[in-house]
Protein chains: 2
Amino acid sequence: MIPTIKDVARKANVSTATVSRILNELPGYSEKTKEKVLKAIEELGYQPNAIARGLVSKRTKTLGVLFPNVSSIFASEILNGIEDTAHEQDHSVIVCNTDSNGVRTMKYLQVLNEKRVDGIIFTSEVLKKEYYDALVEMNIPIVLVSTASYRYPLPFVKVDDKHAAYSATEYLIKNGHKKIAMISGTKDDSIAGTPRVEGYIQALKDNNLSYENRRIVYGIDFGYKTGVMCMEELLKKAPDFTAVFAASDEIAIGALSVAYKEGIKVPDDLSIIGYDNLKVAEMSIPPLTTVAQPLYEMGKIATNMLFSMIKNGNTAESRIIQHRIVERQSVKNIQ
Amino acid sequence: MIPTIKDVARKANVSTATVSRILNELPGYSEKTKEKVLKAIEELGYQPNAIARGLVSKRTKTLGVLFPNVSSIFASEILNGIEDTAHEQDHSVIVCNTDSNGVRTMKYLQVLNEKRVDGIIFTSEVLKKEYYDALVEMNIPIVLVSTASYRYPLPFVKVDDKHAAYSATEYLIKNGHKKIAMISGTKDDSIAGTPRVEGYIQALKDNNLSYENRRIVYGIDFGYKTGVMCMEELLKKAPDFTAVFAASDEIAIGALSVAYKEGIKVPDDLSIIGYDNLKVAEMSIPPLTTVAQPLYEMGKIATNMLFSMIKNGNTAESRIIQHRIVERQSVKNIQ
DNA sequence: ATGAAAGCGCTAACAG
DNA sequence: CTGTTAGCGCTTTCAT
């Protein structure tokens, strides 16, 4: 059988309390007994039962993380940052793949509550009222990543999407482009959808370029296929553009493929700028110029915020993370 | 405060035992009391404490999964399959990012043991003796994914790497290629390294093509940069090949980039076949022909195996998963 | 059909 | 410095 603290105590001729003290580095024992106990632990191959510990201490040293899609490159970079930071602090992370499904999300929230995780990181999705209510009910720290809520007071970690889109568009303008199209992702996404479109329009206006409705096209998500379809649509609808701002790298790469197939040379005939700076951005042909969100970093920051909330019981300040343009080879200066 | 089973019992005027029975759908209560109890649960917003449950039942309904690198596209597709299946069966998954680091891996194994997970999935890495020993010590079901061990009797789920490499090479040969180079990943990897090289060599031999040492080059991993470096090396060392078999899609894409930069047209001047069939394979320019490993599927299969082991207490049969060639546009028939 | 009570393995007063 | 003991929230005999 698996040895318990009792077995250790018996073997070392001390009480379980003493073993517990030694295990938790609490004061109250001599070097001598410590050695005795450590020896017993060693010999028995004893490992404390974290479940029992969790029951009494009410701290499970585990975090819950929700993603709409764990297998997206986007999510996995954030996860990497979260996991690394959690591990540094001796915590585990339970991943939840919500599939952007309300029922499934609620189910996960319930499970995380039942498993008494110490904190939750909610990523990349609009926070619905029912999620918020469930979250509040749980009464544990929450941090939002790559999403935010202006209705509910939860701390978030994200870039300023409008600003980042503005920067991307402006970058194109500075490179001499005047006819700039945009491929947006989901149309009514209040986090990654509308703000980026607004940033794009704002940049055009501020530079006295006319904004034309036909130059912007919407997809159903932020994936590669959306990029392909939207690019085709754009080419059909309004082919007179010299640059396109894609709302994600995957969209940009989809657009790139279409351009390639149509014999349009990037960046000679057409410039493309992406959004995210995923690892694939540097792997594309040509390497993609894009506005970078430091995803790994964002995961780290959010997790550290969560830990500070867990420790101090306070709430953390939201963090707007700086984006930056990563210049590669998909944009040409045409002036 | 968070309501406990006691609160429910009190409110419903029954014992905690009865509440427990109802919660667990065990026999022994009338419809009437069931309703009373359900009502109390509802009103209190009671959610059972999985930690307390785990302590007595010795089942935590959580699985541990170890990856050398969670943020790789490769890993995240497997994770997706695992998570989906676990969720179907009402289990959670704790992800561990070992970084291919022995110390870190051992640490995770310890944590998973302390947290009393019900089973473990170990992926993509050679199983060292110390891991195996720790695993055995834990006395819980284990399944290996995308790796295997011939020294230790653990069930695995993987494709036949040698066979898959053979198929890829043969595909090139059938398309008229005679001078075929190979970019391998890690040299001494007994799982994803050597077997693929062997498959490549075997295919050449079986087709009476000479195997030339200079046509095979090794990297330090299976990543994009390795692809870039190895392709450059290959071009320098032995430029007289018409096709290359890359040991991973990322390597293939790295090779593709170099070809592009050097003005070598794929597939007109050079054919490239990859390995894995990651999502990026269809996003590349041109879309990459590759040998597919059904990663999501493998994650699912492994998880189901794990569940069957957990339930029946037996061990499962290892599964060799069929690979297949996915024809896209990076290979040209030149005969 | 239902309840009382004994733990699961651990921590945390409290006493000494 | 060390031990005793009362839980943490639940499941599970064993009675009734």
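Each chain gets a letter, A, B and so on, in the order the sequences are listed, and its residues count up from 1. Quantities reported herein were computed from a predicted structural model and do not represent experimental measurements.
The distance from atom CG of A:Leu55 to atom C1' of D:dA6 is 13 Å, rounded to the nearest whole Å. The interatomic distance linking A:Ile2 (CD1) with C:dG9 (P) rounds to 8 Å, in whole Å. Going from atom CD of A:Glu114 over to atom P of D:dG9 covers 15 Å, rounded to whole Å. Nucleotide D:dG9 holds its P atom 19 Å from the NZ atom of A:Lys115, rounded to whole Å. Whole-Å rounding puts the A:Lys58 NZ to D:dG7 C1' distance at 10 Å. A straight line from CZ of A:Arg10 to C1' of D:dT4 spans 16 Å, rounded to a whole angstrom.
Checking A:Thr62 against A:Lys115 by side-chain atom types alone, no donor-acceptor pair falls below 3.5 Å.
Sorted by first and then second residue, the salt bridge (charged side-chain N to carboxylate O under 4.0 Å, His left out) pairs with a member in residues 17-40 of chain B read B:Lys39-B:Glu43; sequence neighbours excluded. Pairs of residues two or more places apart, or lying in two chains, that qualify as salt bridge (charged side-chain N to carboxylate O under 4.0 Å, His left out) and include a residue from residues 77-96 of chain A are A:Lys61-A:Asp90, A:Glu83-B:Arg104, A:Asp84-B:Arg104, A:Glu88-A:Lys300, A:Asp90-B:Lys107. Within the structure, every pair that satisfies the ring pair (Phe, Tyr, Trp, His ring centres under 6.0 Å) test and touches residues 125-145 of chain B, not counting sequence neighbours, is listed here: B:Phe122-B:Tyr131, B:Tyr132-B:Tyr152. Within the structure, the ring pair (Phe, Tyr, Trp, His ring centres under 6.0 Å) test picks out no pair touching residues 27-77 of chain B (sequence neighbours left out).
Nearer to the 5' terminus of DNA chain D, by closest-nucleotide assignment, is the contact made by B:Ile51 (compared with the other of B:Ile51 and B:Thr18).
Listed candidates were D:dC8, C:dA1, D:dT2. Nearest to the side chain of A:Ser30 is D:dT2.
Residues A:Thr303 and A:Val143 are not in side-chain contact: their nearest non-hydrogen atoms beyond the backbone lie 4.5 Å or more apart.
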Would you tabulate the nitrogen or oxygen pairs shorter than 3.5 Å linking the protein to nucleotides 10-14 of chain C?
unit_1: C:dC10; atom_1: OP1; unit_2: A:Tyr46; atom_2: OH; d: 2.4
unit_1: C:dC10; atom_1: OP1; unit_2: A:Asn49; atom_2: N; d: 3.0
unit_1: C:dC10; atom_1: OP2; unit_2: A:Ile5; atom_2: N; d: 2.2
unit_1: C:dT11; atom_1: OP1; unit_2: A:Asn24; atom_2: OD1; d: 3.4
unit_1: C:dT11; atom_1: OP1; unit_2: A:Asn24; atom_2: ND2; d: 3.1
unit_1: C:dT11; atom_1: OP1; unit_2: A:Arg53; atom_2: NE; d: 2.8
unit_1: C:dT11; atom_1: OP2; unit_2: A:Ser20; atom_2: OG; d: 2.7

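Rounded to 10°, the helix from C:dA1-D:dT16 to C:dG16-D:dC1 has 40° between the axis fitted to its first five pairs and the one fitted to its last five.
Contacts of A:Asp7 with the nucleic acid, taken as non-hydrogen atoms under 4.0 Å apart, are absent.
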